[in-house]
Asker: 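Got a structure for you, questions after.
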Amino acid sequence: DLARFQGREPSEMLGQTAFPPIGELPYLLTLPGHGFYWFLLSKDAEAPRWHEEWLPALKLSTLVLPEGWRSLQPRLAERREPTSRALTLLQDRVLPEYLPTRRWYAAKESGLRRVRLGEREQWRDWLLTLLQVELDDGASETYFLPLTVFWETGDTEHDHATGPEAAAALARVRRHATPGLLCDGLADEGLVYALAEAIGEGGEAPLDNGRLLFEPTAAYADLAEDGPAGGVRQSGEGSNSGAILGDRLFLKVYRRLRQGLNPEVELGQFLTEVSPFSQIVPLAGSITYRADADGEPTTLAVLQGYVPNQGDLWAFTLELLGRLGDERVDEWHSDPAQLSYAALVDTLGRRIAELHRALAQPGGGEAFDPEPITGDDLAAWRAQIQDEARETLARLERHLPDLDASVQAPAQRLLEQVDTLQARIAALTPQATGAVKTRIHGDLHLGQVLVVENDVVVIDFEGEPARPLEERRAKHSPLVDVAGLLRSFDYAAASVRERMAGEHPADAERLAEPLAQWRDDMSRRVLDAYREAASGSAVWPESDEDAEGLIRLFTLQKALYEIRYELGNRPQWAAIPIEGTLALL
């Protein structure tokens with residue numbers, strides 16, 4: 001009985017293996033004779049990646065739906081009292097409580113003023129909804145939330161209230177005498193299959209004020225073979241949601257919506273059909289919403305080929321670094337696992353250069369054909385980064401009183417360097433490059449790279465979700481992606497050091513220098529491999545000095561973005577990008 005430690009994450013102290021979090025029920029373990037576990041019960045560690053939370057995030061309200069999904073349609077809800085109450089309760093209480101618990105909800109830093117169901121329509125057995133969210137600062141956002149109901153059937157073998165669906169529950173529901181659970185539709189295997197099959201079939205489905213377009217690519221037939229098959233596995237929640245269908249397809253559903261074609265669809269089509277690049281997940285199709293015949297498309301989901309893998313390179317890296325405390329530092333760099341990892345980093349640098357060369361190929365039309373980087377481009381990038389620096393420091397100053405003491409000290413040092421920061425941005429911007437701007441990944445880091453045997457596959461081409469869609473679709477220097485990788489190596493070393501400081505202070509002090517050396521070595525390796533593979537192409541500037549200046553400039557921009565992200569999502573992590581920015585200065 002570990003109930004007094006509810007919410008903590010057990011971490012096995014010899015191998016640093018994460019175990020599922022502690023809940024209210026007795027904690028179940030299997031031990032051999034004379035065996036034992038020695039756990040650290042951490043408040044901050046992350047649960048293992050394979051762990052699935054089966055408990056609802058909220059105390060659930062009950063909605064009465066006498067007419068089923070029709071009860072939530074405005075025409076019926078206005079005329080009948082029970083349905084009117086259900087819609088009011090859903091909009092005024094259930095959704096405002098539910099949304100902030102979701103990782104994909106982007107407005108955690110702003111107060112939520114109101115949620116309204118916008119476009120919603122029953123599609124087959126499910127209700128597809130576009131939520132209109134109004135914030136206290138006057139801004140508004142749109143989210144895609146398909147809904148399903150798991151009706152109780154009396155089958156005690158599978159109780160939805162305590163099964164995996166419960167983690168996706170919004171509310172309890174009742175239709176006449178039948179109870180059920182209102183859930184995010186992505187928890188329903190039937191909806192996942194239906195969406196994938198509809199993409200393969202193509203065509204459209206009318207909605208109340210618009211229509212859904214299901215569009216397969218030429219690769220769908222090869223990827224799906226006889227159609228979606230096999231079990232459905234949820235892939236975890238981030239800024240979007242995903243589900244793996246069998247071992248061939250992956251459905252990715254976008255949550256926060258913006259009008260316009262999502263870059264992941266465009267880049268997926270280009271790298272699948274126009275300028276093929278093998279080290280990505282191929283695009284099988286997409287779902288878009290159009291409000292009217294001439295309206296801008298809004299991408300709701302993409303269907304991709306599933307690539308069996310050994311996890312992403314971020315988790316792979318943290319696992320490798322987590323073993324550092326168990327080894328002699330002077331033997332670490334000759335360890336076979338470290339040597340294998342260094343070879344993988346060399347491969348990563350080459351693959352990213354090959355990706356950029358593929359994106360620099362003509363033939364994709366105006367949206368893709370490479371263009372020379374002009375003096376006006378460089379001046380615009382410099383001005384944008386200087387604006388972002390001012391915004392970042394202003395936000396940091398507002399948050400300063402609320403930050404932990406360990407974060408306040410470096411934050412204060414950065415706030416005192418406002419003039420140095422602006423001057424450094426100007427100094428790093430070259431006058432010319434002799435290189436081209438192209439479409440880029442836009443949010444490249446170790447978490448966007450899958451380890452596939454001894455190679456890598458790049459995923460998630462939608463760009464930084466917090467940036468406007470037109471900015472994510474704009475052509476830019478490919479060196480922006482290189483800068484993202486460099487910051488990711490710094491993040492990995494710093495996050496391991498921070499974890500050790502909380503759990504094993506002596507190890508953190510002993511390993512601070514080796515971790516910094518590892519970061520510098522890996523950054524040099526990925527950059528050397530990239531330069532060797534990119535040199536001689538138009539993506540690499542004519543002068544190595546200009547290339548180095550641009551990489552430093554974009555690395556500084558990425559660090560500033562990370563500060564803003566952490567302040568809004570994980571303030572306790574803000575010290576990592578703040579220290580990184582200070583080091584860059």
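Worth saying up front: this structure is predicted, and the values here are computed from it rather than measured.
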Asker: Check this for me: Gln310, atom CD, are more than 12 non-hydrogen atoms of other residues, nucleotides or ligands nearer than 6.0 Å?
Answerer: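 Yes - once you tally the heavy atoms of other residues, nucleotides and ligands closer than 6.0 Å, there are more than 12.
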Asker: For the pair Leu450 and Val456, evaluate side chain to side chain contact (heavy atoms under 4.5 Å, CB included) and give the outcome as yes or no after the intermediate values.
Answerer: CA-CA 5 Å; Leu450 299 180; Val456 297; over 6 Å; no
Asker: Taking the side chain as everything from C-beta on, heavy atoms only, tell me whether Leu99 gets closer than 4.5 Å to Leu131.
Answerer: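 When only atoms from C-beta onward are counted, Leu131 and Leu99 do touch, with a gap below 4.5 Å.
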Asker: Is the shortest heavy-atom distance from the side chain of Ser11 to the side chain of Phe19 under 4.5 Å?
Answerer: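 In short, these two side chains do not touch, never coming nearer than 4.5 Å.
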Asker: Step through the shown structure and confirm whether more than 12 heavy atoms of other residues, nucleotides or ligands are within 6.0 Å of CZ on Arg552.
Answerer: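 Incorrect, the count does not exceed 12.
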Asker: Decide whether Thr374 and Asp377 meet the rule of one side-chain donor and one side-chain acceptor closer than 3.5 Å.
Answerer: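 Distance-only check passes for Thr374 and Asp377.
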Asker: Counting only heavy atoms not in Phe316, do more than 12 fall under 6.0 Å of its CZ?
Answerer: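 It does not: Phe316 CZ has 12 such atoms or fewer within range.
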Asker: Look up atom CD in Glu119 and atom OG1 in Thr298, then write down how far apart they are to the nearest 0.5 Å.
Answerer: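 That separation rounds to 11.0 Å.
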Asker: Establish, from distance only, whether the side-chain atoms of Gln132 and Thr142 form a donor-acceptor pair under 3.5 Å.
Answerer: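 Side-chain D/A pair, Gln132 to Thr142: present.
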Asker: Is it true that Glu471 and Gln384 share a donor-acceptor pair across their side chains at a distance under 3.5 Å?
Answerer: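 Yes - a donor-acceptor pair under 3.5 Å links their side chains.
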Asker: For side chain to side chain contact (heavy atoms under 4.5 Å, CB included), just list the numbers for Val457 and Val449, CA-CA rounded to whole Å, side-chain angles, deciding distance to a tenth of an Å, and then say yes or no.
Answerer: CA-CA 6 Å; Val457 167; Val449 179; over 6 Å; no
Asker: Taking ring-ring contact (aromatic ring centres under 6.0 Å, His included) as the test, write out the residues that go with Phe368, two or more places apart.
Answerer: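 Counting only residues at least two positions away or on another chain, Phe368 forms a ring-ring contact (aromatic ring centres under 6.0 Å, His included) with Phe270.
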Asker: Side-chain contact test, heavy atoms from C-beta onward, threshold under 4.5 Å: evaluate it for Pro430 versus Leu378 and give yes or no.
Answerer: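 Touching, per the 4.5 Å side-chain cut-off.
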Asker: Can you confirm whether Thr392 sits close enough to Leu567 that some side-chain heavy atom of one is under 4.5 Å from a side-chain heavy atom of the other?
Answerer: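 Thr392 does not reach Leu567 side chain to side chain.
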Asker: If we count only N and O atoms by modelled type, under 3.5 Å, do the side chains of Gln304 and Glu264 hold a donor and an acceptor together?
Answerer: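 Yes, a side-chain donor-acceptor pair sits under 3.5 Å.
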Asker: Can you see which heavy atom on Leu403 is nearest to which on Gln408, and at what distance?
Answerer: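 It is O-NE2, 3.3 Å.
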Asker: Should the heavy atoms of other residues, nucleotides or ligands under 6.0 Å from CZ of Arg93 be counted, would the total exceed 12?
Answerer: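 At most 12 heavy atoms, drawn from other residues, nucleotides or ligands, come within 6.0 Å of this atom.
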Asker: Would you give the length of the straight line joining atom CD1 of Ile352 to atom CG of Leu527, rounded to the nearest 0.5 angstrom?
Answerer: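 Answer rounded to 0.5 Å: 12.5 Å.
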Asker: Checking side chain to side chain donor-acceptor pair (under 3.5 Å) against Asp481, which of His445, His356, His441 comes through?
Answerer: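 Single pass found, and it is His356.
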Asker: Are a donor atom and an acceptor atom from the side chains of Gln517 and Asp521 found within less than 3.5 Å of each other?
Answerer: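 Checked: Gln517/Asp521 side chains pair up, N/O donor to acceptor below 3.5 Å.
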Asker: Picking from Arg472, Arg467, Lys558, what satisfies salt bridge (Lys or Arg N to Asp or Glu O under 4.0 Å) with Asp443?
Answerer: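 Answer after filtering Arg472, Arg467, Lys558: Lys558.
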Asker: Yes or no on side chain to side chain contact (heavy atoms under 4.5 Å, CB included) for Tyr561 and Glu464, after CA distance, side-chain angles and deciding distance?
Answerer: CA-CA 10 Å; Tyr561 169 84; Glu464 290 177 351; 3.4 Å; yes
Asker: Verify whether one side chain among Arg103 and Ser239 offers a donor that lies under 3.5 Å from an acceptor in the other.
Answerer: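 On atom types as modelled, these side chains do not qualify, holding no pair under 3.5 Å.
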Asker: Do you see a donor-acceptor pair shorter than 3.5 Å between the side chains of Arg487 and Thr555?
Answerer: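 No.
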Asker: Can you name the nearest heavy-atom pair linking Glu562 to Pro577, along with the distance?
Answerer: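 Looking at all heavy atoms of both residues, the shortest contact is CB-CB, 3.6 Å.
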Asker: Just checking, is any N or O donor in the side chain of Glu462 or Asn240 under 3.5 Å from an acceptor N or O on the other one?
Answerer: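 Looking only at side-chain atoms, Asn240 and Glu462 do form a donor-acceptor pair, the distance falling under 3.5 Å.
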Asker: Tell me the closest heavy-atom pair linking Lys475 and Ala367, and the distance in Å.
Answerer: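 It is CE-O, 3.5 Å.
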Asker: Is there a side chain to side chain contact (heavy atoms under 4.5 Å, CB included) between Leu486 and Met522? Walk through the geometry before answering.
Answerer: CA-CA 8 Å; Leu486 299 183; Met522 294 306 108; over 6 Å; no
Asker: Taking all atoms of both residues into account, what is the closest heavy-atom pair of Leu257 and Thr299, and its distance?
Answerer: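 So the two residues come closest at CD2-O, 3.6 Å.
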Asker: May I ask you to test the Trp573-Ser495 pair for a side-chain heavy-atom distance under 4.5 Å?
Answerer: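 Yes; the side chains approach each other to less than 4.5 Å.
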Asker: Which heavy atom in Ile578 sits nearest to a heavy atom in Leu396, and how many Å separate them?
Answerer: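 Reported closest heavy-atom pair: CD1-CD1, 3.8 Å.
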Asker: Aromatic ring centroids of Tyr143 and Tyr105 under 6.0 Å?
Answerer: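 Yes - the distance between ring centres of Tyr143 and Tyr105 falls below the 6.0 Å cut-off.
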Asker: Is the shortest distance from a Lys or Arg side-chain nitrogen in Arg102 or Asp184 to a carboxylate oxygen in the other one below 4.0 Å?
Answerer: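 No, Arg102 and Asp184 are not salt-bridged.
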Asker: Do the rings of Trp381 and His476 sit parallel, tilted or perpendicular, given the 30° and 60° boundaries?
Answerer: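 Parallel: the ring planes of Trp381 and His476 meet at under 30°.
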Asker: How long is the straight-line distance from CD of Gln422 back to CZ of Arg382, given to the nearest 0.5 Å?
Answerer: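 One gets 10.5 Å once the value is rounded to the nearest 0.5 Å.
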Asker: Between Arg497 and Glu579, does any side-chain N to carboxylate O distance fall below 4.0 Å?
Answerer: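 Answer for the salt bridge query: no.
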Asker: With a 4.0 Å cut-off, would you call Asp528 and Arg350 a salt bridge?
Answerer: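 No, no charged N to carboxylate O under 4.0 Å.
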Asker: Please determine whether the number of non-hydrogen atoms from other residues, nucleotides or ligands lying under 6.0 Å from atom CG of Asp376 exceeds 12.
Answerer: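 Not buried by this count: 12 neighbours or fewer within 6.0 Å.
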Asker: Check the side chains of Asp544 and Trp540 for a donor-acceptor pair under 3.5 angstrom, ignoring hydrogens and angles.
Answerer: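 Yes.
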Asker: Between Glu532 and Tyr530, is any side-chain donor less than 3.5 angstrom from a side-chain acceptor?
Answerer: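 The criterion, which ignores hydrogens and geometry beyond distance, is not satisfied for Tyr530 and Glu532.
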Asker: Report the distance from atom OG of Ser286 to atom OH of Tyr254, rounding to the nearest 0.5 Å.
Answerer: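 Those atoms lie 9.0 Å apart.
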Asker: Determine the minimum heavy-atom distance between Ala389 and Ile425, stating which atoms define it.
Answerer: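 Shortest heavy-atom contact: CB-CD1, 3.9 Å.
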Asker: Side chains of Tyr289 and Pro297, heavy atoms from C-beta outward: is any pair under 4.5 Å?
Answerer: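 When only atoms from C-beta onward are counted, Pro297 and Tyr289 do not touch, as no gap falls below 4.5 Å.
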Asker: Indicate yes or no: at least one non-hydrogen side-chain atom of Phe461 is less than 4.5 angstrom from one of Ile280.
Answerer: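 A side-chain contact under 4.5 Å exists here.
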